[in-house]
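Remarks on the structure that follows.
For ligands, and for the atoms within them, numbers begin at 1 and follow the listed sequence. One is the number of the first residue; the rest follow in order along the sequence. It should be emphasised that the depicted structure is a prediction, and the values quoted were computed from it without experimental measurement.
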Amino acid sequence: MDKETSGKPFLSDVKTLRERARHHIGRGALTSTYGGDPKKTIEILQSVLATEIVCVLRYTMHSIAATGISSEAVRAEFAQHAKEEQAHMMSVAERIDQLGGKPDFNPEGLATRSASEYAEGENLVDMIKENLIAERIAVDHYRELIRYFADEDPTTRVMLEGILSVEEEHATDMHDLLVAHEGKPPLED
Ligand SMILES: [Fe+2]
Ligand SMILES: [Fe+2]
């Protein structure tokens, strides 16, 4: 049965796989079956990288600047999130490198490249709200990207799926904190 009759994707035989791997070895992990456009993927990931860096900066700043009643627990939560955002930042930067790109850590233009914003927040509740908003932006953005990459680039997709599940936890944590501090479900409209 060929591809048309079986309806299944084509599988290369071992000999072909071995021969292909010997060509263009300078491209590293980027082989001929890469289904996406590496340039476009790198461009998208630079924006994801900027988003994660901005999240590291915002949570780090909040973890230090938060004051007021019961701020200790909130500060600890912010600090934990900052650490997790940093892990995301590293994964994305490493993926850009694997694809042959150079991760853009240039502070110039960082806020523009990022999907989420660097918002300081006036007080503890404001900070929690700003973080919740940033997480909701990340969740929306990453969900779209996961659909976009689909089977074209499963490695990038799986990485983003892992990050997305942590961002959803972050959003839930921020929502819980907001309810704890405001005593009612917030942002209901
Ligand atoms: Fe993140
Ligand atoms: Fe997050």
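In this structure, CE on M174 lies 10.0 Å from OG1 on T172, to the nearest 0.5 angstrom.
Contact of the V139 side chain with the E144 side chain is not registered, since no non-hydrogen atoms from C-beta on lie closer than 4.5 Å.
At a cut-off of 3.5 Å, with distance as the only test, a side-chain donor of E167 or H170 sits close to an acceptor on the other residue.
When the shell of 6.0 Å around CG of N106 is examined, it contains more than 12 heavy atoms from other residues, nucleotides or ligands. For E117, the CD atom counts as loosely surrounded, since its 6.0 Å shell holds 12 or fewer non-hydrogen atoms of other residues, nucleotides or ligands.
E52 contributes atom OE1 as its closest N/O/S atom to the Fe ion (ligand 1).
Using a distance-only test at 3.5 Å, with no hydrogens or angles considered, no donor-acceptor pair links the side chain of R95 to the main chain of I42.
Within the sub-2.8 Å shell of the Fe ion (ligand 2), the protein contributes these N/O/S atoms: E85 OE2, E135 OE1, E135 OE2, E167 OE1, H170 ND1.
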